[in-house]
There are 2 protein chains.
Amino acid sequence: MKPKLDDVAKLANVSKTTVSRVLNKRGYLSQETIDKVYDAMEKLNYQPNTVARQLYNKKTQIIGLIFPTVTNPFFGELVEELEKKLYLQGYKVIIGNSMNDPEKETNYLNQLLSNQVDGLIVGTHNRNIQQYKNDNLPIVAIDQIMNEDIPIIESDNYLGGQIATQRLIDKGARKIIHIAGPDYLNTPAQRRRNAYEDTMEKYNLEPICYTVDFNIPYKDKIQIFNRMFEEQPDIEAIFSSNDLDAAIIMKLAKNFNKKIPEDILLIGYDGTQLMRTIFPELTTIIQPINQISSKAIEVLNDRLESKETLKEYILPVTLWEGSTS
Amino acid sequence: MKPKLDDVAKLANVSKTTVSRVLNKRGYLSQETIDKVYDAMEKLNYQPNTVARQLYNKKTQIIGLIFPTVTNPFFGELVEELEKKLYLQGYKVIIGNSMNDPEKETNYLNQLLSNQVDGLIVGTHNRNIQQYKNDNLPIVAIDQIMNEDIPIIESDNYLGGQIATQRLIDKGARKIIHIAGPDYLNTPAQRRRNAYEDTMEKYNLEPICYTVDFNIPYKDKIQIFNRMFEEQPDIEAIFSSNDLDAAIIMKLAKNFNKKIPEDILLIGYDGTQLMRTIFPELTTIIQPINQISSKAIEVLNDRLESKETLKEYILPVTLWEGSTS
DNA sequence: TTGTAAGCGTTATCAG
DNA sequence: CTGATAACGCTTACAA
């Protein structure tokens, strides 16, 4: 059995209160008592029970992070940044990889909000969060519309989509295909697609979208892209809303005897550290993961202190000029 | 204020006990009571307080995962698998990215073991865990020696190193360089290096190792590899203990006018889904992430039930035959 | 400077 | 079938 406060108290011949005071360095205590208590704690190898403290304080010092999958470098790096920064503020993180499974996500949401976490940062792409309406919950969303009361942190998706499309057009491409996330998801990321469509229209070009759920198995993606190459033999450029897909497309292009950038221009999206390091040649739009995570935490802190927040925070994107377009 | 059991009880005109029974579907209850209670819960939008339950049950249903960084695809995929499988068993996960910072790691270890988690799966590379000796703690380690009492789950690092080195030799390379993790870390992964050295010796070849801490910034790695290319102009093959480093090396080789595999043979290590998808040409040793995670959880469960476990579990590796060697 | 006792929100025992 | 009550381990008024 693990020793508890009372065991320490008995061994040190003091009351629980005193031990608690020593533990939390509160109030006046004689040095003698302090020493006695520390001695006892050491002898018993005492560790305070976090859960009991959480119950009393009504705070867990835990933040829940719900994201589709930490396996995608964008989310991996984002989650890592969030963890790092929250750690410095004394928080731990519970992570839920929802895999865009609505049931799993709802489950996490419900359970974590049962006093298990102090706040939530959510980046999944599902809806059904009606139940939390009006509740002024300590939640912020990243790139995701949950409901009107939950602030959204995002990078400038429209501008990103515009920069990407414009670049391909400027480089002479006319038949430009866009790989997008599923359009039933009304996320801010869809603005990349809107920007693509608007820009194409502006030049009287026909927008062509292929839709890929970004966390289906790789082999399914490969199938879709292979079909795309078959259906679009005269394709001149591709704007992928995701670097991973762009990288896969680069590999597949070879099989169709298409060279990048000679035959097909390519631009991706996200621009993670990882991709910039192992695929520096891939031109892409960089999302400011560092700023996104900082802002998300800042806004969450505001919410926790019941301060007013904006509904939406838009952070700047930048272009990574590789050689694929 | 969030409603509590008592509020529900009052509204439904029953006792706390009854509400608790309804909540946990225990004991005999009249349908009428059940309905009344559910009604009240709904009206108040009641959510049971997880922390209070944790205190009573002395279980949190949380497992702590401590790994260097979720940003490395190997750990990312491992953590994801662990989370997925633990979720199905009713566990949540707290994640600590130690970044090989001993202080942060110790901190996590101490705090999480303060009744905050039911068990721990640890994959970090630091020592200093003396304090936990003899304690029969519910911990398992992945690829990491913590102390004699903590079981280790690992893939067959020696065999992996052997297969890799042998392959390079079979393909005709003689001057073969190995990129290894820092050797002050006495981890099972060092057996890859041992295997490399043994195999080289067997063929009377001189082993040459470059040491790279795997979570230093990318630009520092690039510096080290550039130096390597300068110092070793007649290099014929490289065995990297990490696919990311292998990928970086592939990019850098171009700058030195070295073609892979024509001029330099290359083999990596880890073989994550991600790398096999976006770098299928990279020959590598696949660690069985799925099996590792399953075994880790299985052994942790045994520990939680105070069953005897082995000290070490070694899982098989396989070769991914790309075109880089 | 230290101790007593109440309370944080649950669950389970035991009695009715 | 239902209800008091103690307990989980800690913190803090309030007293001494």
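Values reported hereafter were calculated over all heavy atoms of this structure, with side chains retained and with hydrogens, waters and symmetry mates removed. Just so it is clear, the structure is predicted and the values come from calculations on it, not from any experiment.
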Do NZ/NE/NH1/NH2 and the carboxylate oxygens of A/K104 and B/E83 come within less than 4.0 Å? yes
Touch class at under 4.0 angstrom, heavy-atom based, for B/T50 against every strand present: nothing
Taking all heavy atoms of B/L82 and all of B/I142, pick out the closest pair and write down the distance. CD1-CD1, 4.5 Å
Measure CD/B/Q116 against P/D/dC8 and give the value in whole Å, please. 21 Å
Per-pair distances, 0.1 Å, donor-acceptor, side chain in residues 23-30 of chain A, under 3.5 Å, sequence neighbours excluded:
unit_1 : atom_1 : unit_2 : atom_2 : d
A/N24  : ND2    : A/S20  : O      : 2.8
A/N24  : ND2    : A/S20  : OG     : 3.4
A/K25  : NZ     : A/Y38  : OH     : 3.1
A/S30  : OG     : A/T33  : N      : 3.1
A/S30  : OG     : A/T33  : OG1    : 2.5

List the atom of A/Q287, the atom of A/S155, and the distance in Å for their closest heavy-atom pair. OE1-OG, 2.6 Å
Gap between atoms OH and P, on A/Y28 and C/dG3 respectively (whole Å): 18 Å
Once you round it to whole Å, what is the distance between C1' of C/dT1 and CG of A/N13? 16 Å
Can you see if the side chain of B/T18 gets near the phosphate of D/dG3 - specifically, an N or O under 4.0 Å from OP1 or OP2? yes
Hydrogens and angles aside, do B/D35 and B/Q31 bring a side-chain donor and acceptor to less than 3.5 Å of each other? yes
Please encode protein proximity along nucleotides 9-16 of chain C as a string of B, S and -, counting only heavy-atom distances under 4.0 Å. BBBBBB--
In this structure, how many angstroms lie between the C1' atom of D/dC1 and the NZ atom of B/K25, rounded? 18 Å
Is there a side-chain contact between B/N49 and B/R53, using heavy atoms and a 4.5 Å cut-off? no
